[in-house]
Structures are given as structure tokens and as C-alpha cells.
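Each remark here refers to the structure printed beneath this line.
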Number of protein chains: 2
Amino acid sequence: MSNKWLIKNGKFAVSDPEWRIVSGYMLIEDDRISYIGEDLPEGTEGLPVHDGKHQLFIPGLINTHGHAAMSLLRGYGDDLALQVWLQEKMWPMEEKFTAEDVYWGTSLSVLEMLRGGTTAFLDMYDQMNQVAKVAQESGIRASLMRGAIGFGSDELRAFKLKEATTFAREWHNQADGRITTMLSPHSPYTCGPEFIEKFVEAAHELNLPLHTHMSETAAEVEQNVKEYGLRPVAHLEKLGFFSRPSLVAHAVHLTDEEIEVLAKYNVAVAHNPGSNLKLASGVARVPELLKAGVVVSLATDGAASNNNLDMFEEMRLAALIHKGVSGDPTAVPATEALRMGTEYGAKSIYIKDTGVLAPGKKADFVAIDLDQAHFLPYTDLISHVIYSASSKDVQHVWVDGKQLVKNGEMLTMDEERIKREAQAAFEGLTSR
Amino acid sequence: MSNKWLIKNGKFAVSDPEWRIVSGYMLIEDDRISYIGEDLPEGTEGLPVHDGKHQLFIPGLINTHGHAAMSLLRGYGDDLALQVWLQEKMWPMEEKFTAEDVYWGTSLSVLEMLRGGTTAFLDMYDQMNQVAKVAQESGIRASLMRGAIGFGSDELRAFKLKEATTFAREWHNQADGRITTMLSPHSPYTCGPEFIEKFVEAAHELNLPLHTHMSETAAEVEQNVKEYGLRPVAHLEKLGFFSRPSLVAHAVHLTDEEIEVLAKYNVAVAHNPGSNLKLASGVARVPELLKAGVVVSLATDGAASNNNLDMFEEMRLAALIHKGVSGDPTAVPATEALRMGTEYGAKSIYIKDTGVLAPGKKADFVAIDLDQAHFLPYTDLISHVIYSASSKDVQHVWVDGKQLVKNGEMLTMDEERIKREAQAAFEGLTSR
């Protein structure tokens, strides 16, 4: 029997092709939206009804780059340069992460993301079976991959590649299709060319997309030129990386020519404005990327460099900083920032039928409580979502038509236990 | 009889001289803090007790530049240049503002600010009696001034100056001292030199500080040079502006020499990162200002150019953008951003004994609910306030020792009526 239910009295942010607000009804059948419109659709008598009064429904937010378990290191080492922060603070602690640490750190992040309106996330980390387990249990949509750093012996690299491909094969399209996988060498500065090429080969074999960190810092670009005689984009192009559907995280330091290459290969970019600012990596050339036709989505990165997982904040940062830095007040308007957080996110992680509210699409959406001082007056609701809202304004969340958050309460996870275990995990890490 | 009460089980963010967290007790007597410490103070048996479990107490946030009534125009004209936005969108609507519009717009803003942990605000606007009335009724602390634009006839200017001085005289130190006043010609680009000089004279007569907009845009600086042969800082210096305690808003476009002049005269700067980014005005040279010893505080500006009044967001923006733009990850660390939002705010608007938690200081403070996923683990609570928190994490608010917000509920204002009237006021403005 199909699960069919109706939302009435709602305001729906629809983007076909311009954003507009439809006041009325949305019908959901199983995991799909089947109707959005002003009129009550026929044949809906007796269906379960959600009253959407004072609620704005937007597509679920899609966080296209992160390391969820790193929430265990939130606030552990701030106001430091990227390499110092990685090498002296993060990596020594992360080396100690047990499977259980990854489970509870990821749970803490997924809890924060779901409650904050993020319905799908990309995760690149280690011990990915734990991450997949959290995604499976919580009901969130996830694009998962074992991120492989290429330091160490040949055997270690072979082991990591095997682990990455095994995970990708086993978990792709699991959890009713909510979990998909990618392959991910960590970055050109932590993985040699041969190691990257092996990931490219495997991606062809498994028919999966690729993901990596690229050109996050100026120092990393310089190092690439010194070691390989090429900037990272040309380097990855040469290694065949862009012969697969691919997503690069950060892409802060790009030349005009590199932007053209990314556009030519339809490479998507995960823009991490908060993390890039906090680590002083710089300001990505987002207006130029968008102008060139590159799909630019938004991401929080790990909570240790952000330090929260609030996608509303990332959308606002994307809308604000590029105006301030370029001097162009029309750069990244609110409407485009919302697409970056939703529609372009779905394209970036190669998941189908998500990121927009429309009949036939997946029922992944979020209700924002509009009955609050900072949303008044009701002038331009898309502007309010980008310039006024925060993750705390999220009232309800659904994924695949199933409600996961109701009146701010998690329905599928034990919030109290997760908070307790996450704190204990951190204390365990610092004491051993 | 004195009103004496105790907070137990709290964590208190104390800044003497480095930020540290004191776990224990805070004693409040009337409008002042009388004790903070780990041990229960003597003679407190039988006093009313607030249980501060899972709460972090920080000084109330101080918003040092804004136009509260402009919340009625939130979302009414986004993604536009400053002059277009002002001349085509804001000013035509503001001309229509009635006293009642100012009352409800200001109420909407004060409601948002108090619920979000802002305990004091500066307001530069018109019909200031309405603003003073809202401050008086709500219990918030306020530094108020009639902002005078010098366009029009001599009579009109004389009328505005009179209105400004009358308001300043009548309301200074009213509402148990919660309301103080300043004098404020709007800006060098909207006020001729003689008009500014009259404000300077009046400030000497009334022994009040001065406030103005200065060097918000590059165009405005150019215009100043063209008209007066001087950049705005030298221009205001020449007019005697800095002979009074003074606060300039924005100060985005400054030379090294101008920073030295501001430091020499102890001129405070209200930094508006969100508004400056949104209007593409640029990024103020905050690290250089702080290094030169200038008091830099934080402000939201009006909600029409922000578009919320969340001081946590301004603190975070101040901590993030200067790192990203300068490339220095130690620029404006979390500890300094928190001082900008609190202690430096109090100095900027020339109010005494506020902005820090310490015995003898005013009991203006805020409790943040720490029992939330995005604050875990409990690594560095100052970092969490700056990099993870939002105004929605504020649980309780006190001003002058009196509780104004309890579990997120306003105790002194009728929230439902304010929301209704603000919406009606906006609809009225668009229909006449």
C-alpha cells in the first residue's frame, strides 16, 4: 500500500525556472512529490494532512563536502593556518579515532545537519562503514566515500584503494537508494599521480563519480607546480580525473584558464565559504565560476574548521562575501545562493530527482517556521531564507517522504545519547 | 528593599584580562553583579536562585549602529548598490513612515535583538521619541539620537538640529539611566560642513558624544575629496568632530594615515560586516584598526541591509572575513570578536560599567543553552560562541538585573501583537 499524504496551507518555494512562492497544497506519494499547486487536488479526501500554516517549504539542503566525524574536534584548535591545523592538531587526534569514535562523531553531525534542514550530505572519511550505518539508521540521504591519503608504503596504498572500492561497491544504492558512493583520493598534495590514476581506473570500472580536495590554499598550488610542473587542474586533467563525472572541493585558487577547463569537463565545485575564511585559505572565484557555467554547490567542510554544520550560514556567506570582495552588489543574489544550497548540490553529488520541489521529484524537503520576528514583514521569502534564516528556524524535515524531524525534535535518532557519547568520545581521545 | 538573587551551576565567561570560564555562582544585587566565583558566597541562604545548568553566561551583546525602524523594509530591495538601494528603495518608503510605523518597526527590532541576546543598541533615526518609548517599555539599554540629513532649506536644517538637541537633552539618562543620548549628523555626504559644525557645538554644550556614518563606500570618499579637498577623516577632524568623544559607523575605506588620526583622537569605529558585504561596500581594515589601538565594535546596521539583527552572526563574520581576506588565520581571533561584541561595544557608545561580567558591573547578561549538538564536545566555549552559536541559542536575557527573556519568551513585550502590527505597517506603507 502506498503512503500518500497532503500538506495544506503551505508556502512552497518552487524554481521552474524562476523562484516563486506557491501558496496551497503539496501531495506526497511514498518517496515522491506528486503535486504542488494552489488548488486542492482531487481524490485526497481522508488522506493524512500536515498543516503548513506559517511554514515555508524549501528543498532539503545538500551539503556537498565534509568529514562528519570531525565534529568530535569542534573547537579543538582554532585560529590556525591550514597546514598547522591539519598536521599539529587534526591528524594526530584523527589517528586515534576508533570505529566507535567515527560512529558517534558522525551521529553528532547527522543530528545537527538533519535538525538544521540538511537532507543530503557528502562524506569523505575513514571507517566509512560506520558513516553508512549512521546514514542508514537516521534516514538522511548520503553520498559516501573512503577518502584515501597516499602517504606510506605501497601495501598501505593498495589496502586503502581496496577499502575504498569495496566500500563503494557494497554501499552504492543501499538504504532504499538513499546511500550512493563515489571514489576519492584525498588530494593531489597527499596522493601521488599513480595513486590518483588507480582511483580514476576504479571509477571507470565501477561507473562511479570522483571527488577530491583541490587548490584549497595558494601554498598547495605552488607545491603542485614545483613537484609536477603543473597547476592542480592541469595535473588532474592529465591524470584523467575529469574523464569521470567529478566534484572538486574548495577550488579557491583558480586561473581563468583553469575555470574554462572545469567548465569544459562539467566538473562541479563544492564551495566551502566558512571553512575557507576560517582557515584563511582565501575567497573562491564563485561569480566567475558561475558565469562560466560551472555547477557550484555549498558545503560546510568538517565542523572542526567551520565550526557548525549550518547550511543556511553557508548560503548566506556565499551571497555576502562575493559581493563585498568583488564590489558588485548583484554577485550571487539570494535566488542563486538558494540554488547552490539545493539544486546545484544534487547535481554536484550526482543524485537524481532531488534538490527541487516539483512533481515527480524525491520528497526531500524542509519546513521553515515563518512566524518569527526576523522573518517579518513578509516581503521576499527567498531573501529571508538567505539573508535572515538560520538552521534553528527549521521546524520539520522529510527525506524520501518520511518525516525525520518534527517541531525541532529528531524522530529517528536518540539525541540525548548522541550528545553524551560524543562528549565521552572526545574525552577518550584526549586521555589516550 | 534590594533585589538580590543568585545563579548556581553556571559557566561564566569572564575577561580579566584573558577570557576564562568560571564554573559556579553569580550574585546579583539590584542592577549590578556583586560576585562571580567557584564558591557559594556567604549570606545567600534563602535567596531566589536561577539554575544555570548547561548554560553559558556571557555579557549582553551591544549593537553599536543601526536604524531599528528599518526592519519594516527587511527584504524590500536586495542585491542592489548602496546609492540605488538608498535613493530608489529606502528613502521613498522612509519618507512615508509615520510615528506609529517607527514605533512598530522599532518594536519588531527590539524584540528580535533582545531575544537574540542584544542588551544594548545604538539607534540613529527620525521620530526618536517613539524609539525611546520602545526602549523604556521593553527594558533594553539604548543609546539614541536623531540622525539628521542636511538636505533642504536652512529652516529645515535648523528644525532638525533643534529636534536633535531637544531629544538628546530630554532623554539623556532616562529610564533608570538605561537610555543615554548622542548627537548625530547623518554623514559628511548628506550634511554640509556648517551643519556638522553646529552639531559639534551642540555636543560641547550638552556634553554628549557624536556619531556619524563615515567612509562607507569608495564613491563617498571620492565625492568628499572632490567637494572639500579632503578625505572624510581629515574633513571631520577639521570640523572639530573628533574634539568630542565620537563613534563613526562603517569606516570601510581608510588610509594608514586616517587610521592613525582615528587612534590619536580615540575615535571608536562601529564595524558592520554583514551590511558592508551585502551592499558591496567593501571590507573594513579591522585588523589594522585594532592593531593601531582603535576601539572597534560590532553592529548590524538596519535590518533592510543585513537582513537580521543577529549579533552572533556579526561576531562570526568579523572573525571570519578578515582571516579570509588578509590570508592571516590569526586575524581577529574568537576572543577578540567576543570583546568587539561586548566590551568594545560599551566603550563605543560611551556607557559605563557594561560589556563585561565582573563584580560592580551592570547586570546585563545572556544565558546560552549549551545542551545542543552544535556546541559539543565542550572543547573551547569562547570558540563555540563565535564560530558555532546563533541568536537562536539564547535562552535567557537580563538587563539591569531584570529578566527580559525567559526560555526564549519575551517577558516585557507583546510578541504576537508586534508581529501583527509590523506586517500591517509594511502593508500600509506599500498601499499609500
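A note on names: the letters A, B, ... follow the listed sequences, proteins ahead of strands, and every chain is numbered from 1.
- Proximity to chain A (any heavy atom under 4.5 Å) is restricted, for L72(B), to the backbone atoms N, CA, C and O.
- Among Q423(A), E416(A), R115(A), the residue making the largest number of heavy-atom pairs under 4.5 Å with chain B is Q423(A).
- The environment of CD in E427(B) is crowded: more than 12 heavy-atom neighbours from other residues, nucleotides or ligands sit within 6.0 Å.
- Residue I386(B) does not touch chain A at all, counting heavy-atom pairs closer than 4.5 Å.
- Of all the listed residues (A373(B), S383(B), P333(B)), the one sharing the greatest number of non-hydrogen pairs under 4.5 Å with chain A is A373(B).
- Of the two parts of D78(B), only the side chain, counted from C-beta on, holds a non-hydrogen atom closer than 4.5 Å to a non-hydrogen atom of chain A.
- Although no hydrogens or angles enter the test, the distance criterion places a donor-acceptor pair under 3.5 Å between the side chain of K419(A) and the main chain of D371(B).
- Residue contact with chain B, scored on non-hydrogen atoms closer than 4.5 Å, is absent for S281(A).
- Remark: E415(A) CD to Q372(B) CD distance equals 8.5 Å, nearest 0.5 Å.
- For K392(B), the NZ atom counts as densely surrounded, since its 6.0 Å shell holds more than 12 non-hydrogen atoms of other residues, nucleotides or ligands.
- With a threshold of 4.5 angstrom between heavy atoms, L108(A) approaches chain B through its backbone and through its side chain.
- Without hydrogens or angle criteria, R74(B) side chain to T379(A) main chain gives no donor-acceptor distance under 3.5 Å.
- Residues V332(A) and D79(B) form no side-chain contact, since every pair of their non-hydrogen atoms from C-beta on lies 4.5 Å or further apart.
- Of the two parts of L80(A), only the backbone, made up of N, CA, C and O, holds a non-hydrogen atom closer than 4.5 Å to a non-hydrogen atom of chain B.
- Residues passing the salt bridge (charged side-chain N to carboxylate O under 4.0 Å, His left out) test with E421(B), sequence neighbours excluded: R417(B).
- Interface residue L320(B): backbone and side-chain heavy atoms are both found under 4.5 Å from chain A.
- No more than 12 heavy atoms of other residues, nucleotides or ligands shown are found within 6.0 angstrom of NZ on K53(B).
- Note on E112(B), H322(B), H374(B): by heavy-atom pairs under 4.5 Å with chain A, the leading option is H374(B).
- Both the backbone and the side chain of T330(B) have a heavy atom closer than 4.5 Å to some heavy atom of chain A.
- Here D393(B) is the residue among D393(B), V84(B), N276(B) with the most heavy-atom pairs under 4.5 Å with chain A.
- Rounded to the nearest 0.5 angstrom, R316(A) CZ and L317(B) CG are separated by 8.0 Å.
- Counting heavy atoms from C-beta on, the side chains of L376(B) and W104(A) never come closer than 4.5 Å.
- No other option in G324(B), P377(B), G105(B) has as many heavy-atom pairs under 4.5 Å with chain A as P377(B).
- Contacts between residues 299-311 of chain A and chain B, counted as heavy-atom pairs separated by less than 4.5 Å, involve N306(A), N307(A), N308(A).
- Proximity to chain A is limited to the side chain of H384(B), based on heavy atoms less than 4.5 angstrom apart.
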